[in-house]
Protein chains: 2
Amino acid sequence: MNVSEIEIFRDFIKKKGLRYTPEREIILKEIFSIHDHFDVDELYLRLRNKGHRISKASIYRTLPLLIECGLVQEVYHEDGHMHYEHIYGHEPHAHFRCLSCRRVEEFQDPRLEEVAQEYAQKYGIDLKMTRFEILGYCANCRGKGGL
Amino acid sequence: MNVSEIEIFRDFIKKKGLRYTPEREIILKEIFSIHDHFDVDELYLRLRNKGHRISKASIYRTLPLLIECGLVQEVYHEDGHMHYEHIYGHEPHAHFRCLSCRRVEEFQDPRLEEVAQEYAQKYGIDLKMTRFEILGYCANCRGKGGL
DNA sequence: TTACTATTGAAAAAAAATTGCAATAAGGTC
DNA sequence: GACCTTATTGCAATTTTTTTTCAATAGTAA
Ligand SMILES: [Mn+2]
Ligand SMILES: [Mn+2]
Ligand SMILES: [Zn+2]
Ligand SMILES: [Zn+2]
């Protein structure tokens with residue numbers, strides 16, 4: 001676990017005139033220890049299992065801050081709730097999701113960033129993030145009659 | 001309003017052994033009369049204002065069917081709920097969303113489809129849909145201090 | 001230390017989506 | 001058309017997700 005995401009978060013919090021609390025740091029650290037996509041409930045349970053008594057309200061309040069400073073991203077909405085991932089220190093990547101087995105695969109392609117950059121440049125946009133998703137049936141699931 | 005989406009939907013419903021009801025057709029027609037992104041509540045209110053007494057439950061039950069047969073798509077999740085659009089008869093397109101004014105712009109780029117096709121081919125995926133989103137601050141909003 | 005005020009957890013509330021159920025009606029068969 | 005089977009409907013209740021309220025706590029600057 002690198003220390004730089006902590007510095008980034010603290011600087012961001014300070015610059016906004018907010019307060020850097022233990023709860024915020026614990027949430028940040030936990031998120032960067034998850035090397036997968038996660039949702040609020042998973043994060044909450046993980047913290048809880050480690051003995052932390054951090055409320056879901058605090059998680060819901062902290063996530064937007066982490067997203068705003070570019071450390072975390074909403075990845076996809078599935079089963080009625082959002083799924084997240086930490087992104088600092090990772091190359092931007094796209095996601096394939098199987099509509100049947102719900103497997104999620106990541107992949108990269110420089111053309112995706114290119115398209116985003118060019119569009120941002122053309123319209124004077126301050127680009128914050130991109131999301132590219134492919135939905136379909138994986139090789140194992142295709143032909144098995146959909147769901 | 002083309003008739004072909006109706007045929008597609010009816011064929012799909014029949015092939016699944018389901019029943020083609022007036023409610024389902026009314027929902028379909030209404031969706032194809034909205035030339036914009038919409039959410040469940042907007043759709044419900046539009047139907048209601050036209051005198052239809054279609055329940056939200058029916059809308060929530062019908063949307064997955066329309067998505068499954070490729071007529072409708074989830075576009076983005078914002079303000080805690082999903083937003084949709086009809087896609088039949090439209091070129092695949094990407095979305096830019098301004099994080100400040102929430103404006104949504106559409107644009108096309110053949111490279112996006114290329115990337116998706118190539119990935120699907122490579123891994124034997126039965127591709128159903130792709131979603132490409134750019135998030136950032138539009139030319140009007142940038143520099144105005146974020147939110 | 002003191003003062004100010006942002007943050008917290010817990011509970012309540014709000015919002016979104018799903019489900020149970022009795023009445024209805026689609027659509028196949030005669 | 002009449003009849004039968006069973007999917008679908010609206011409504012209300014429920015579940016799930018997210019936000020908000022509020023009193024207690026605690027971060028930060030002076
Ligand atoms: Mn990922
Ligand atoms: Mn669109
Ligand atoms: Zn699969
Ligand atoms: Zn804007």
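The sequence lines fix the lettering, A, B, ..., with proteins before strands; numbering per chain opens at 1.
With 3.5 Å as the limit, one finds a donor-acceptor pair spanning the side chains of B:R46 and B:S33. Side chains of B:Y20 and B:R24: a donor-acceptor N/O pair is absent below 3.5 angstrom, by distance only. Using modelled atom types and a 3.5 Å distance limit, the side chains of A:H90 and A:H86 yield a donor-acceptor pair. With hydrogens and angles left out, the side-chain atoms of A:Q108 and A:H93 include no donor and acceptor closer than 3.5 Å. In the model, B:E85 has a side-chain atom that pairs as donor or acceptor with a side-chain atom of B:H37 under 3.5 Å. A donor atom on one side chain and an acceptor atom on the other are not found under 3.5 Å apart for A:E133 and A:Y76.
Listed pair A:R19 / D:dA26 fails the phosphate criterion, with no side-chain N or O lying under 4.0 Å from OP1 or OP2. Distances shown here put a side-chain N or O of A:K14 below 4.0 Å from the OP1 or OP2 atom of D:dT28. The phosphate of C:dT8 (OP1 or OP2) has a side-chain N or O of A:T21 nearer than 4.0 angstrom.
One can place CZ of B:F9 at 14 Å from C1' of C:dA26, the figure rounded to the nearest angstrom. Taking atom CG of residue A:D79 and atom C1' of nucleotide C:dT19, one finds them 16 Å apart after rounding to whole Å. To the nearest angstrom, C1' of C:dA14 lies 13 Å from OH of A:Y60. At whole-Å resolution of the value, NE2 in B:H77 and C1' in C:dA15 are 11 Å apart. Separating the OH atom of B:Y44 from the C1' atom of D:dT9 is a distance of 13 Å, rounded to the nearest angstrom. Between the CZ atom of A:F12 and the C1' atom of C:dA6 there is a distance of 15 Å, given to the nearest Å. In this structure, CE of B:M82 is placed 10 Å from P of C:dT18, rounded to the nearest angstrom. The separation between B:R24 atom CZ and C:dA26 atom C1' is 10 Å, rounded to whole Å.
Shown for residues 48-59 of chain B: residues whose heavy atoms fall under 4.0 angstrom of DNA chain C, namely B:A57.
Nearest nucleotide to the B:R61 side chain, out of D:dG10, D:dT18, C:dT8: D:dG10. Side-chain atoms of B:H81 lie closest to C:dA16 of the nucleotides D:dT18, C:dA16, D:dT8.
Along DNA chain C, the nucleotide nearest to B:I13 and the one nearest to B:P64 differ in position, and the one closer to the 5' end is contacted by B:P64. Of the two residues contacting DNA chain D, namely A:D41 and A:L18, the nearest-nucleotide position lying further toward the 5' end is that of A:D41. Remark on DNA chain C: of its neighbouring residues B:G80 and A:Y20, the 5'-side contact belongs to A:Y20, judged by nearest-heavy-atom nucleotide.
Of the residues listed (B:I31, B:V40, B:L43), the one engaging B:Y84 in a side chain to side chain contact (heavy atoms under 4.5 Å, CB included) is B:V40, and it is the only one.
Contacts of B:P22 with the nucleic acid, taken as non-hydrogen atoms under 4.0 Å apart, involve only primed sugar atoms and P, OP1 or OP2.
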